[in-house]
Amino acid sequence: MEEEYKKLVTKIKHYNPNPNLELVSKAWEFAKLAHYGQERLSGDPTISHPLAVTHILADWKLDSISIASGLLHDTIEDCGIKKEELVDEFGEDVANLVDGVTDISKLKLRGSKDEEFVDNLRKMLLVMAKDLRVVFVRLADRLHNMRTLEFLSEEKQKRIARETLEVFAPLAERLGIGEVKSELEDLAFPYVYPDEYKKVSELSKPQYKKAEDHIKKMKRVLHKKLGIQGIRAKIHSRKKHLYSLWRKLERSEINWDFEKIQDIVALRILVETVENCYTALGIVHNTYKPVPQIAISDFISQPKPNGYRSIHTKVFGPGDRIVEVQIATFEMYEENEYGLASHWYYSLMKSGKASDKVVERGFFAPTEKINWVKQLVDWQKKEADSDEFIRAVKFDALAERIFVFSPKGDVFDLPINASPVDYAFAVHTDLGAYIKAAKVNGKMIPLSYKLKSSDVVEIIKSKEKRKPSHDWLEFVVTTEARREIEKHLRKEGLKS
Ligand code: MN
């Protein structure tokens, strides 16, 4: 165990030149004592769990407060330690974090009635909004529990795995920690959908191999060409995760046809600067013909709302097989995988000030990435009734998202099946009051049109304010739009 702890310290020193090791080692000694004599169901001493959780937090390059809180995260719940004791020993921040993690881990988000679910989710959001680091500790905790789920009873496995799939994976995605989202999904998959899991893993094996072989050749060729241009690059293949592969295979337009899945293994090129990204893109397109019609997606000049940045393109690889190529800088890659967690790390490296103070500030910096958390907290403060709130969380925050553009190129993040009316209200409530018609990619479309990612949406405005149509309620999907439309219709009702 001490060996593992030493490894943790080495890991921390590697990314944080100035960590508070006194705090960390004090937390370690405290946690060991508190968990003394306890065993996990796996037979390991209990302390192995907080230690593993903290290793995950260090992989995410978190600050010393988070690290200490990771080591201590179960001491209130499992060892009867009082919060006041933690305040005395470690200060308010650590105590609040551990207390927050304890609070939200008591909340069962699945298997409960709808009202309970809403209430629990509210509580969780309130804790999160106070200090986002709570969520990171909670996610690391869940990740390690998922990795060791085999030791629990079948009933618990199912419940925890389902909750992971429905709440924690989307949460990780919304925080922009893509890698964690995928790992959580893949860990939960066999417990929640055992038969489907078996089917996909068997059928996909030869497919992964075939795609991997194709890409090997491309890797060599591109590496050489980039080298000639003097560009230092890392090229690797990225296998599509099993759960997201299954979701894609299930789509009606794919219907289990592996030929239609072009990104089962994608080629990922990492370079040092943004400029090099575009040079690399040129080299790729010069070497392999880009697939016509499928425009490249440039998420570097237009990042996704959760902060994701990369250039995606599709080319005809060897044997005319379509291959997806993703290009990004090393920094973008880290941010895409670890999101907010690595956000502060790079700002810290840039500022050259390597102190925990800077590290902490990263979390409170105004960032678009956590806007949706604030938004949800706002909604629930507005005394929204439960129905509305549950719709908001389920369909707005945790549902799958699409990304559409305004004619000026601003990106809007909307739930799947959103209509131009939803878009208008997302841009501005006022724009919603002037909807006359809408265009998508330059063509007139009905207002009930279901938008797709990368659509450019233009609202044709009326000269004067118009009242929203009752029919719109049939197809709008965002809470914002529904709320506004209903408000106007209510006013109308009062007048007549
Ligand atoms: Mn735990």
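Atoms within a ligand are numbered from 1 in the order they appear, just like the ligands themselves. Just so you know, these numbers use all the heavy atoms, side chains as well, and skip hydrogens, waters and symmetry mates. Along the sequence shown, residues are numbered consecutively beginning with 1. Model, not experiment: these values are computed from the prediction.
Taking a 6.0 Å sphere around NZ of Lys11, one finds it holds more than 12 heavy atoms contributed by other residues, nucleotides or ligands.
Applying the side chain to side chain donor-acceptor pair (under 3.5 Å) test to Lys198 and every residue at least two apart in sequence or in another chain returns nothing. Annotation: salt bridge (Lys or Arg N to Asp or Glu O under 4.0 Å) contacts of Arg147 (sequence neighbours excluded): Glu183.
Checked against His35 for a side chain to side chain donor-acceptor pair (under 3.5 Å), the options Gln38, Glu39, Lys32 give a single hit: Gln38.
Note on the Mn ion (ligand 1): protein N, O or S atoms under 2.8 Å away count 4, no waters included.
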Decide side chain to side chain contact (heavy atoms under 4.5 Å, CB included) for His214 and Met218; before the verdict, give the C-alpha distance in whole Å, the side-chain angles of both, and the deciding distance to 0.1 Å.
-> CA-CA 7 Å; His214 264 95; Met218 293 177 74; 5.8 Å; no
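The stretch residues 69-87 participates, sequence neighbours left out, in these salt bridge (Lys or Arg N to Asp or Glu O under 4.0 Å) pairs: Lys83-Asp99.
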